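Everything quoted here is computed from the prediction, not taken from an experiment.
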Amino acid sequence: MVFLKPGSSVCGPLDTIQLPPESTTTDYEVELGVVVGRRLARCGDPAEALAAVGGYLTANDVTERSRVAAGPTRAKGKCADTFTPIGPWLVTPDEVEDPQALSLTLLVNGEVRQSGTTSLMAYGVGELLAYVSSLMTLEPGDLVLTGTPGGVAAGRPEPKPFLRHGDVVTAEVGGLGGQRTPVAAIERPLTA
């Protein structure tokens, strides 16, 4: 599954995740983020695609599940402002011995919700980049999120622990640094 997120969804590793008005199912997804370092188009070779990586970072692919379920596209649930906290660092490929051997951890209010490793990804970073480059040209600076381990709120038993005002999300990819993002409800903007 491939979907696009707008640049306006990106925020920093200490910025507040803003819950959309009437949010009841906003979820978290710690992921390895891959930043493209050189143009990649129609690449059929995963090793060549991997060589195009400019860096790696910690990402949280925040998702409003009710908007995803409403269809027809997942982008509706993933595109809100602040829904892609990234960082704190962009780590160059020479400092990441194996992108398929990194731990992924996410906590909400100090409770571990996700714990996994990139070794369990269905497809490796090179395979993912090669596939995406067959659909669209990737340019330097493009960010590709690679998928999340189990433990998201949507997959937990009732009552599902979706994000609420006042929560604090801590996300980390081993060796790439951690985030600490508070969660806050936003008011509906006033209309004139």
Side-chain angles (χ1 to χ4, degrees), residues 1-23 25-43 49-50 52-93 96 99 102 104 106 118 121 123 125-126 128-148 152 163 167-173 176-189:
M1 181 170 302
V2 175
F3 54 86
L4 300 175
K5 293 185 81 160
S8 59
S9 73
V10 174
C11 66
L14 304 175
D15 291 339
T16 299
I17 296 169
Q18 298 174 357
L19 298 175
E22 297 143 13
S23 165
T25 59
T26 299
D27 211 342
Y28 46 83
E29 298 182 27
V30 64
E31 302 193 21
L32 171 63
V34 180
V35 177
V36 176
R38 64 174 173 78
R39 192 169 196 267
L40 195 62
R42 295 178 295 281
C43 177
L50 192 61
V53 171
Y56 299 99
L57 51 76
T58 299
N60 184 358
D61 181 16
V62 180
T63 304
E64 174 56 39
R65 299 284 181 200
S66 65
R67 291 181 180 174
V68 168
T73 174
R74 288 188 172 271
K76 291 190 315 186
K78 294 180 172 281
C79 66
D81 293 352
T82 74
F83 267 29
T84 315
I86 61 170
W89 306 299
L90 176 63
V91 179
T92 56
V96 177
L102 302 173
L104 300 158
L106 184 135
T118 55
M121 289 170 49
Y123 301 97
V125 171
L128 288 173
L129 292 176
Y131 176 70
V132 173
S133 81
S134 75
L135 304 173
M136 66 190 86
T137 298
L138 295 171
E139 297 288 352
D142 284 348
L143 173 61
V144 177
L145 304 183
T146 59
T148 195
V152 297
L163 295 175
D167 286 345
V168 176
V169 179
T170 306
E172 183 172 357
V173 177
L176 306 184
Q179 308 175 352
R180 187 178 189 282
T181 51
V183 177
I186 57 172
E187 297 296 321
R188 186 178 307 277

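To the nearest 0.5 Å, the span separating CD1 on I86 from OG1 on T58 amounts to 10.0 Å. Atoms OG1 and CG, from T148 and D27 in turn, are 8.5 Å apart once rounded to the nearest 0.5 Å. Taking CG from L102 and OG1 from T146, the interatomic distance works out to 9.0 Å, rounded to the nearest 0.5 Å. Here the NZ-OG1 distance, from K5 to T63, works out to 5.5 Å after rounding to the nearest 0.5 Å. From K76, atom NZ reaches atom OG of S66 across 9.5 Å, with rounding to the nearest 0.5 Å. We find the CG-OG1 distance between L14 and T181 to be 8.5 Å, quoted to the nearest 0.5 Å.
Between N60 and I17, the closest side-chain pair of non-hydrogen atoms falls below 4.5 Å. V132 is not listed as a side-chain neighbour of L40, based on a closest heavy-atom distance of 4.5 Å or more. Y28 is not listed as a side-chain neighbour of V62, based on a closest heavy-atom distance of 4.5 Å or more. The side-chain heavy atoms of L143 and V35, taken from C-beta on, include a pair separated by under 4.5 Å. By the 4.5 Å heavy-atom criterion applied to side chains, L19 and V183 are counted as neighbours. Two residues are said to be in side-chain contact when any heavy atoms from C-beta on lie closer than 4.5 Å; T118 and P99 fail this criterion.
Pairing each heavy atom of G54 with each of P93, the nearest pair is O-CD, 3.3 Å. Minimum heavy-atom separation, G87 to P13: C-CB, 3.9 Å. Between G12 and P85 the shortest heavy-atom distance is O-CB, 3.9 Å. When all heavy atoms of S23 and T26 are compared, the pair lying nearest together is OG-OG1, 2.5 Å. The shortest heavy-atom contact between A49 and G126 is CB-O, 3.5 Å.
For the side-chain contact (heavy atoms from CB on, under 4.5 Å) criterion with F83, the lone passing option out of P6, P20, C11 is P20.
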Inset, instruction - Go through L145 and E29 one step at a time and tell me if the side chain to side chain contact (heavy atoms under 4.5 Å, CB included) criterion holds. - result: CA-CA 10 Å; L145 304 183; E29 298 182 27; over 6 Å; no
Inset, instruction - Report the C-alpha distance between V125 and V144 in whole Å, list the side-chain angles of each, state the deciding distance to 0.1 Å, and finish with yes or no for side chain to side chain contact (heavy atoms under 4.5 Å, CB included). - result: CA-CA 9 Å; V125 171; V144 177; over 6 Å; no
Legend entry - Stepwise side chain to side chain contact (heavy atoms under 4.5 Å, CB included) test for V30 and V169: CA-CA 10 Å; V30 64; V169 179; over 6 Å; no
Inset, instruction - Take T25 and E64, measure what side-chain hydrogen bond (donor to acceptor under 3.5 Å, both in side chains) needs, and give me the verdict at the end. - result: CA-CA 6 Å; T25 59; E64 174 56 39; 2.6 Å; yes
Legend entry - Verdict with reasoning, L90 to Y56, per side chain to side chain contact (heavy atoms under 4.5 Å, CB included): CA-CA 6 Å; L90 176 63; Y56 299 99; 5.9 Å; no
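Evaluation of the salt bridge (charged side-chain N to carboxylate O under 4.0 Å, His left out) test over residues 129-141, restricted to residues two or more places apart or in two chains, returns R39-E139.
Listed for the S133 side chain is a donor-acceptor partner under 3.5 Å among the backbone atoms of C43. No side-chain donor-acceptor contact under 3.5 Å links D81 to the backbone of S9.
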